[in-house]
Student: 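Just dropping this structure here.
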Amino acid sequence: MQRTLTVLNVAEKNSIAKQVSAALSNNSATRGSTCSNYNPLFSFPYALNGMPCEMLFTSVAGHLMELDFPEAFKKWHSCSPLELYGAPVLKCVPQDKKLVERNLKEQARKCQWLVLWLDCDREGENIAFEVIDVCIKANPRLLIKRAKFSALVRRELERSVQNLGVPDENLSKAVDARQEIDLRIGASFTRFQTLLLQEKFNWEEHGIHDERPIFSYGPCQFPTLGLIVQRQWEIQAHVAEPFWYIYAMYRAPEGQSCTLHWQRDRLYDHVIATILYETCVDAPLATVTKVDARQKLRWPPLPLATLSLQKEAITHLRLPGERMMKLAEELYQEGFISYPRTETDVFDPAYDLKALVREHVNDARWGQHAQRIDSGEMWAAPRGGGHDDHAHPPIHPTRWSAPDANQGWDPNKRRLYEFIVRSFLASCSKPAVGFETQVEVTIAAETFRTTGLMVKERNWMEVFPWARWGGNDNLPVFAVNQTFMPTELLLKDGMTQPPPKMSERDLISAMERHGIGTDATVADHIQKQLDRGYALKDAAQLFSPTALGEALVASYHKMGLSNLWQPTLRGAIEHNITEVARGLRPKQEVLDEAVQHFRGDYIAAAGKQAMMLEEVGRFFGPRAGGGGPGEAGGALPPGDPIGACASCGLNLMLCQPAEGTPFVACSGAPLCRQRVYFPRPTLAADISDQPCATCQLDRGGLRKISFRLRRAAIPPGFEADMVACVLCDQRFKDLCEACGTARPAGQRNNQARGGGGQARGRGRGPAGRCEARASVLTRCVELLRGRGGRQGGMARGPPVCPRHGQPCLVKTSNSAANPGRTFFKCAHPSEAQECLDFMWEDEWNGQPLGASRARRTEPRGRGGNRGHGPRGAGRQQHGGRGNAGGRLVDAATGLPLDANEGSCYKCGQRGHWANACPN
DNA sequence: GCAAGGTC
């Protein structure tokens, strides 16, 4: 009688062994224990391609083997780190996996076939060969088979087991090469950095309490750190620049309104912006030149891959990547979602998506939408994002979980499941439909645009509440050649902002873009920055480097070895590894090339180690002695606490250096970089007994600082004695802005690093601005020429202040009662209340004010201020508000006004202006 | 004492 075939099946983890066994055996598998506690054995009879067999199903726990150096090279002082580039490496089963190995051997001896159910990716293939290696030693006659599967659902598993293939050795070799490169460069540079720095500096003093701290280097962790440091340098290098833009707004008589966006966006030259603005004010009538109305579609989200899910979870669910992956893993192991580590964002056309949708038709929350998809009414085939790892489908729900069945779940797990379901249903739905109207208008040859949007059909957005799509749905109706008078026409200003600190989402995106880490490890590499003390995450969840992190990156930058931290490092390694995976290049060739390359970098770095000592020394005092007081990151001078630091929770200290200006710094310096420098005219600063009403209230409050300032050096409007909160007080900030801050000698300030140059406003680089400036200049020259030759044109210089007889009036628009309406006000601060307080600009007829009429009352929306047309517009349209029968009329009193009938606000009498008041 | 990648 023929012996029954016995098949050993091995999965990457127990949960998969359990689920596959249950699915293939119809839940009749017998569970038995093995010598490895976490890897039991499931057994059940099965028919493989019609052949009856006994299935034994067990598992490993990830990689079975590790790559390491032999004992002779493991001790750090046993050899130079350089020798690690030529040292032998060994792949062996570590002590904690010995029982897993023993279990495999025991089972292999009973079997004729070995079926590998490892995950279908590069690492899974490598683990498969580790399993083969162990099993073959126990039973050399084993027949090796590979099961390829992508979801833990019965039909998929049965398809897989009836179509067994062979493992792919190239995929596995690519992993071997990656492991060896990572080990050699990671171990050598970690030892280099650690041995160089460990004894040279007093780390204890700087908040690093390990007796022998490790300064690790890795080909993923350093490029990750590099991204954070590079952003920090961009922020430091930013020089704020003022810009100006024309703001126009129109409110139609029917009530609809829109903002008209200047085509030039913004200009960095005040004079030019003013000239263009003045041309608009001169001829403010807007003409509609183009109206483009069309249907617009908003597409549903792409099917989810791991990193897109991480980013979405951070944004919509506020779940950090590492936490989200743990919950997704649980959902996968329980069979509710497909494999959560995938790069694929396109469904195989053969996939039965409708069957997956039908799972959800009875759900009270999204069942109705699922029914509409199932019926075809809402169905649209999901789009593809163009990424396919050929191992797993996009992340999607595989089973419906009734709301009452998952009550015991972690609330975040429920939210994540719901997000994955809704995202899947949305991706199978029709796009949303809107109606967009784009309008272009010109005002004095300047172009402005506005857009309106009406959402007609929400479709996929109905099942995906996180989506936002909307614009101005209250756009006035415009027709080509129509003219209208803008309601507001203002010259506004702003300052360019530095780029923001790195958020976790930014970091993940950048790492994904550069191929740093895998879907499963990106979150770990980010966490490692915090664990190693290379970076900090503040209360707003934004990342910045610590002084240590910055010093390490700056060291390699200085050495001319920026490739060791730049984000392209991992991509370059991965590129060559992929060629091995595809069978295009032999593993050894790629390996030798990489090892030689990094060996060269190591030799260069070791030859310039003095640079690393110097760079780190800028931040950290040496063991004997210390950095200069107050130097960036050096030992802090003595001081007293003023409250808690929002960045790290330690104390903010008012530091009083023996020489130089006091400043506030965190006691966690240099790891924490929180620091506030004081205005240059500071003579003395002490902690006041006044608490700030708003800062750090949840941490016991923050004390205000009492300043004594050099009177001669402070601008008008500031007092020599000031009590201020250094974190929130606007007057303190204004003073810093006006006078600059006093920083200790040696402090770097606004140095552009890493070849980044000066970062300016976002959205338009210097080159773009030069171009814009050139075209604008041409136009301004034309305008100025035209203006000079204009017949009968009014030479419109600034209005003349009636009190001073000079053009000392400025345009102001801060009237609360008349927002957007501008008036002229005397710029002399001491006389602002005494002198001419205002003249509505829309009531100014372009004549010097002294020749027309200035009103004495504060603009409070009195009679004369009732909603007229826009500034400039009113003047054009009405020939000057208050111009009745050729005579000027006082809008407040209705009495006639002219140059001879001035009204003196000082004495209240008519017949003269205040600057000529005899009283 | 080191990497990155699996998984617990």
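Chain identifiers are assigned alphabetically (A, B, ...) following the order of the sequence lines, protein sequences preceding nucleic acid strands; residue numbering begins at 1 within each chain.
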Student: Ring centres within less than 5.5 Å and planes less than 30° apart: is that true of A/Trp76 and B/dG1 in this structure?
Tutor: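 Stacking is present between B/dG1 and A/Trp76, given that their ring centres fall under 5.5 Å apart and the planes under 30°.
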
Student: Need to verify one output field. Residue with the more 5' nearest nucleotide on DNA chain B, A/Thr521 or A/Lys75?
Tutor: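 Upstream on the strand: A/Lys75.
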
Student: With a cut-off of less than 4.0 Å, is there a side-chain N or O of A/Arg341 near OP1 or OP2 of B/dG5?
Tutor: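 False: A/Arg341 side-chain N/O out of range (4.0 Å or more) of B/dG5 OP1/OP2.
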
Student: What contact category does A/Leu67 fall into here, base, sugar-phosphate, or nothing, at under 4.0 angstrom with non-hydrogen atoms?
Tutor: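 If one applies the 4.0 Å heavy-atom cut-off, A/Leu67 turns out to touch a base.
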
Student: Is a salt bridge present between A/Lys137 and A/Asp133, judged by a nitrogen-to-oxygen distance below 4.0 Å?
Tutor: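 Yes, A/Lys137 and A/Asp133 are salt-bridged.
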
Student: Nearest whole angstrom, please: distance from the C1' of B/dA3 to the CE of A/Met65.
Tutor: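 Checked: the CE to C1' distance equals 19 Å.
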
Student: Rounded to whole angstrom units, what separation is found between the CG atom of A/Asp96 and the P atom of B/dT7?
Tutor: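 One finds 15 Å between P of B/dT7 and CG of A/Asp96, rounded.
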
Student: Looking at B/dA4, B/dC8, B/dG6, which one has an atom nearest to any side-chain atom of A/Gln221?
Tutor: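 In terms of side-chain proximity for A/Gln221, the closest of B/dA4, B/dC8, B/dG6 is B/dA4.
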
Student: Categorize A/Gly517 for me: base, sugar-phosphate, or nothing, with a 4.0 angstrom heavy-atom threshold over every strand shown.
Tutor: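 If one applies the 4.0 Å heavy-atom cut-off, A/Gly517 turns out to touch the sugar-phosphate alone, with no base involved.
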
Student: Just to confirm, is there a sub-4.0 Å distance from OP1 or OP2 of B/dG5 to any side-chain nitrogen or oxygen of A/Gln179?
Tutor: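 So the side-chain polar atoms of A/Gln179 never come under 4.0 Å of the phosphate oxygens OP1 or OP2 of B/dG5.
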
Student: Charged N to carboxylate O under 4.0 angstrom, A/Arg323 versus A/Asp410?
Tutor: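 Between A/Asp410 and A/Arg323 there is a salt bridge, with a charged N closer than 4.0 Å to a carboxylate O.
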
Student: Return the value, rounded to whole Å, for the distance between atom CG of A/Leu64 and atom P of B/dC8.
Tutor: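 Rounded to the whole Å, the gap is 14 Å.
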
Student: Give one of base, sugar-phosphate or nothing for A/Arg122, where a contact means two heavy atoms less than 4.0 Å apart.
Tutor: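 Answer is nothing: A/Arg122 stays at 4.0 Å or more from every strand.
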
Student: Quiz question: going by heavy-atom distance under 3.5 Å, is there a donor-acceptor pair between the base of B/dG1 and the side chain of A/Gln198?
Tutor: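 Pair found.
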
Student: Starting at atom CD of A/Glu329, determine the distance to atom P of B/dG6, rounded to an integer number of angstrom.
Tutor: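 A/Glu329 atom CD is separated from B/dG6 atom P by 11 Å.
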
Student: When all nucleic acid strands are considered with a 4.0 Å heavy-atom cut-off, which category describes A/Tyr217: base, sugar-phosphate, or nothing?
Tutor: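 Sugar-phosphate contact only.
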
Student: Round to the nearest Å and state the distance from A/Arg532 atom CZ to B/dG1 atom P.
Tutor: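 So the CZ-P distance, A/Arg532 to B/dG1, works out to 13 Å.
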
Student: Atom CG of A/Asp182 and atom C1' of B/dA4: how far apart are they, to the nearest Å?
Tutor: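 A/Asp182 atom CG is separated from B/dA4 atom C1' by 5 Å.
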
Student: Regarding A/Ser188, tell me which of base, sugar-phosphate or nothing describes its non-hydrogen contacts under 4.0 Å with the strands shown.
Tutor: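 Since no nucleic acid heavy atom lies under 4.0 Å of A/Ser188, the category is nothing.
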
Student: Determine, for A/Lys587 against A/Glu169, whether the closest basic-nitrogen to carboxylate-oxygen distance falls under 4.0 angstrom.
Tutor: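 No, this pair does not count.
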
Student: Under 4.0 Å from OP1 or OP2 of B/dA4: is there any side-chain N or O of A/Thr518 that close?
Tutor: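 The answer is no; no side-chain N or O of A/Thr518 sits under 4.0 Å from OP1 or OP2.
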
Student: Counting heavy atoms from C-beta on, name the nucleotide in B/dC2, B/dG6, B/dA4 closest to the side chain of A/Arg191.
Tutor: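 Comparing B/dC2, B/dG6, B/dA4 against the side chain of A/Arg191, the answer is B/dC2.
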
Student: Between atom NZ in A/Lys528 and atom C1' in B/dA4, what is the gap in whole Å?
Tutor: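 Value for this atom pair: 8 Å.
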
Student: Hey, does the side chain of A/Arg184 come within less than 4.0 Å of B/dA4's phosphate (OP1/OP2), counting only N and O?
Tutor: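 Checking B/dA4 against A/Arg184, no side-chain N or O comes under 4.0 Å of OP1 or OP2.
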
Student: With a 4.0 Å cut-off on heavy atoms, is A/Glu125 in touch with a base, just the backbone sugar-phosphate, or nothing at all?
Tutor: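 Nothing: the residue A/Glu125, judged by heavy atoms under 4.0 Å, touches no strand.
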
Student: Do the side chains of A/Arg399 and A/Glu334 get close enough for a salt bridge, i.e. N-O under 4.0 angstrom?
Tutor: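 Salt bridge absent between A/Arg399 and A/Glu334.
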
Student: When all nucleic acid strands are considered with a 4.0 Å heavy-atom cut-off, which category describes A/Asn126: base, sugar-phosphate, or nothing?
Tutor: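 Answer is nothing: A/Asn126 stays at 4.0 Å or more from every strand.
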
Student: CZ of A/Arg102: more than 12 outside heavy atoms within 6.0 angstrom?
Tutor: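 No, the 6.0 Å shell around CZ holds no more than 12 heavy atoms from other groups.
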
Student: Rounding to an integer number of Å, can you tell me how far A/Lys18 NZ sits from B/dC8 P?
Tutor: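 In whole Å, B/dC8 P and A/Lys18 NZ are 12 Å from each other.
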
Student: Give the ring-plane orientation class for A/Tyr602 versus A/Phe192, where under 30° counts as parallel, over 60° as perpendicular and anything between as tilted.
Tutor: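 Perpendicular.
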
Student: In terms of the nearest nucleotide of DNA chain B, which residue is placed more toward the 5' end: A/Phe69 or A/His525?
Tutor: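 Looking at the nearest nucleotide for each, A/Phe69 comes out on the 5' side.
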
Student: A/Ser216 side chain N/O closer than 4.0 Å to the phosphate oxygens (OP1, OP2) of B/dA3?
Tutor: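 Yes.
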
